[in-house]
Amino acid sequence: MPSPKAQENDPDRERQLIEAAKHDPRHFAELYDAYFDRIYAFSIMRTRDREAAQDITSEVFHQALKNLSRFEWRGVPFSAWLYKIAANAIANRVTRNTREQTGSPVELAPESASCEELEAIEQRADIWSLLRDLPADQRRVLEMRFVEEKSIRDIAAELGRSDGAVKQLQFRALQNVRDRLTLTGDRHG
Amino acid sequence: MAERDLIQQLDQAVMAMLVGGPSVETGVETGPEVTALLRIATAVRDLPETDFRERLKRDVIADAINAIKENSMTATTPETAAKSWMPEGFRSLTPYLLAPSSAKLMDFMKDAFGATELARHRRPDGTVMHGVVKIGDSVVEFGENPQDQFGARPTPLHVYVDDVDATYERALAAGATSLGEPADHEYGERGAGFRDAAGNHWWVARGFTPEHTAGLHSVNIYLHTQDTPAYIEFLKRAFGASEEMRHEMGGRIAHARIWLGDTILELGEASEPWGPMPCAMHFHVPDTDATYAQALAAGATSVTAPMNAPYGDRFAAVLDSQKNYWYIATHLPG
């Protein structure tokens with residue numbers, strides 16, 4: 001099965017997906033799958049706030065679906081259009097919040113993502129994709145520790161394991177992701 | 001450094017990272033191994049909440065379905081385009097129940113679900129060759145033929161009803177065997193299950209919210225599949241299917257919703273006690289010959305090559321890798 005990344009890097013496939021979604025909006029699900037990780041990564045990295053990142057990601061995909069008929073494929077990646085919607089949503093949010101708090105104008109991040117930012121987004125998307133293939137117990141420990149921000153003790157109690165076993169699972173899970181990431185990197189040269 | 005020490009060092013650095021900012025610089029002294037793992041950890045820290053991805057996807061697709069409905073009066077969409085190739089009242093995908101006794105099955109559906117009889121075609125010996133009923137907003141077909149090459153094929157069905165408890169009671173009174181008493185489920189619905197005398201599994205449910213059932217109809221086919229990711233790819237290649245969502249548990253697809261034409265096919269990886277239940281489906285398409293060729297190219301096996309059936313359909317049948325029969329049909333008007 002081609003990975004979302006492979007789809008994004010294949011302009012013909014991307015064009016087909018966009019045309020299919022324009023014809024029948026239910027096909028938008030495939031575009032969503034291909035770009036969700038990148039848009040969420042862009043949003044969380046710019047806002048550093050989970051709730052804001054969720055709101056922005058949600059806004060991006062609802063807007064993109066609504067305005068898909070206006071998207072013209074001219075060789076510009078679909079992701080660039082999505083990043084632009086996300087950057088606008090973030091700018092609106094920052095402007096609104098700053099005005100409410102200080103009444104002063106704000107300096108906004110650029111609309112398009114920089115090369116460093118794109119690299120970090122790709123890295124996150126790759127890592128999150130690898131996480132989905134981890135053994136269930138390793139993945140669950142990482143979610144509890146890093147997303148739910150639970151202590152080792154709380155995780156151990158919830159899973160019925162010792163503190164040491166949870167720490168070991170955390171270590172193994174991160175090692176596993178790193179090894180698979182290295183393998184993927186080697187394969188892609 | 002011993003692994004035990006590395007594990008401990010990593011945990012201290014993770015703790016410092018969680019307390020501090022998003023940077024890899026935690027202030028905790030670490031060797032290259034732990035530093036590399038910590039870089040992974042910073043990306044994991046940004047991971048979306050477990051169910052956010054699927055929740056938002058469902059919202060967005062519900063939006064797409066609403067957009068189609070809103071445009072239905074003014075635009076030509078897949079929902080509203082003239083479908084002369086589909087018999088009136090049908091949708092793209094219809095369950096086709098093959099039972100030892102069609103008459104008994106029809107009585108059961110009437111008793112349990114208040115099904116309305118739409119058609120009954122008898123053979124000279126009085127048995128029902130082909131029957132059609134409506135349950136809620138959905139058409140269900142069924143047939144009986146001991147000589148039929150397709151044999152009896154119980155089907156797993158997910159049926160939305162107004163009152164789960166009352167339907168369950170009526171079904172048991174009509175001779176069904178319980179597969180699960182009515183209960184509220186954390187995935188968003190009250191549900192119960194029973195098996196009829198022909199072996200069909202009926203999972204009756206009522207969603208807690210309208211969003212939960214967006215896109216679904218009264219009667220939905222719910223396949224128990226093996227190697228589900230590969231099967232979904234087959235559906236895409238063979239029938240132009242589109243995946244709406246998949247929910248994974250323990251590395252397996254516990255539930256997926258796949259659009260085939262205007263209908264959602266639900267499926268999940270078979271696991272005990274719910275093993276594979278290969279069944280039969282009637283799939284209406286604009287061009288039977290093209291779909292048949294596409295299905296064979298995707299790996300399906302031919303059962304019946306395209307032919308003009310006496311009842312006015314262009315018809316073909318294929319068998320997929322999971323032993324499900326697909327009756328591909330294009331209604332020929334006039």
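These figures come from a predicted structure and were not determined experimentally. Convention: sequence-line order gives letters A, B, ...; per-chain numbering from 1.
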Testing the 3.5 Å rule here: is there a donor-acceptor pair between the side chains of Thr225(B) and Gln322(B)? no
Identify which part of Leu134(A) has an atom lying under 4.5 Å from any heavy atom of chain B, answering side chain, backbone, both or neither. neither
Sequence-distant partners of Phe283(B), ring pair (Phe, Tyr, Trp, His ring centres under 6.0 Å), two or more places apart: Phe239(B), Trp326(B)
Kindly assign one of parallel, tilted or perpendicular to the pair His282(B) and Phe90(B), based on the angle between their ring planes and the thresholds 30° and 60°. perpendicular
Would you please go through residues 49-59 of chain A and name the residues with a non-hydrogen atom below 4.5 Å from one of chain B, in numerical order? Arg50(A), Gln54(A), Thr57(A), Ser58(A)
Indicate the ring-plane relationship of Tyr231(B) and Phe234(B), choosing parallel, tilted or perpendicular according to the 30° and 60° boundaries. parallel
Honestly, the part of Glu149(A) sitting under 4.5 Å from a heavy atom of chain B is side chain
The interface call for Ile61(B) against chain A, heavy-atom contacts under 4.5 Å, is side chain
Count the heavy-atom pairs under 4.5 Å between each of Ala20(A), Ala136(A), Ala29(A) and chain B, then report the option with the highest count. Ala29(A)
Most contacts with chain A, counted as non-hydrogen pairs under 4.5 angstrom, among Val44(B), Val34(B), Leu47(B): Leu47(B)
Name the option with the most non-hydrogen atom pairs under 4.5 Å to chain B; the candidates are Met45(A), Arg140(A), Gln123(A), Arg145(A). Arg145(A)
Please verify the inter-ring angle class for Phe36(A) with Tyr32(A); under 30° counts as parallel, over 60° as perpendicular, anything in between as tilted. tilted
Across all chains, not counting sequence neighbours, the side chain to side chain donor-acceptor pair (under 3.5 Å) partners of Arg139(A) are none
Residues passing the side-chain contact (heavy atoms from CB on, under 4.5 Å) test with Glu54(B), sequence neighbours excluded, are Lys57(B), Met245(B)
Between Arg91(B) and Asp137(B), is there a salt bridge with N-O shorter than 4.0 Å? yes
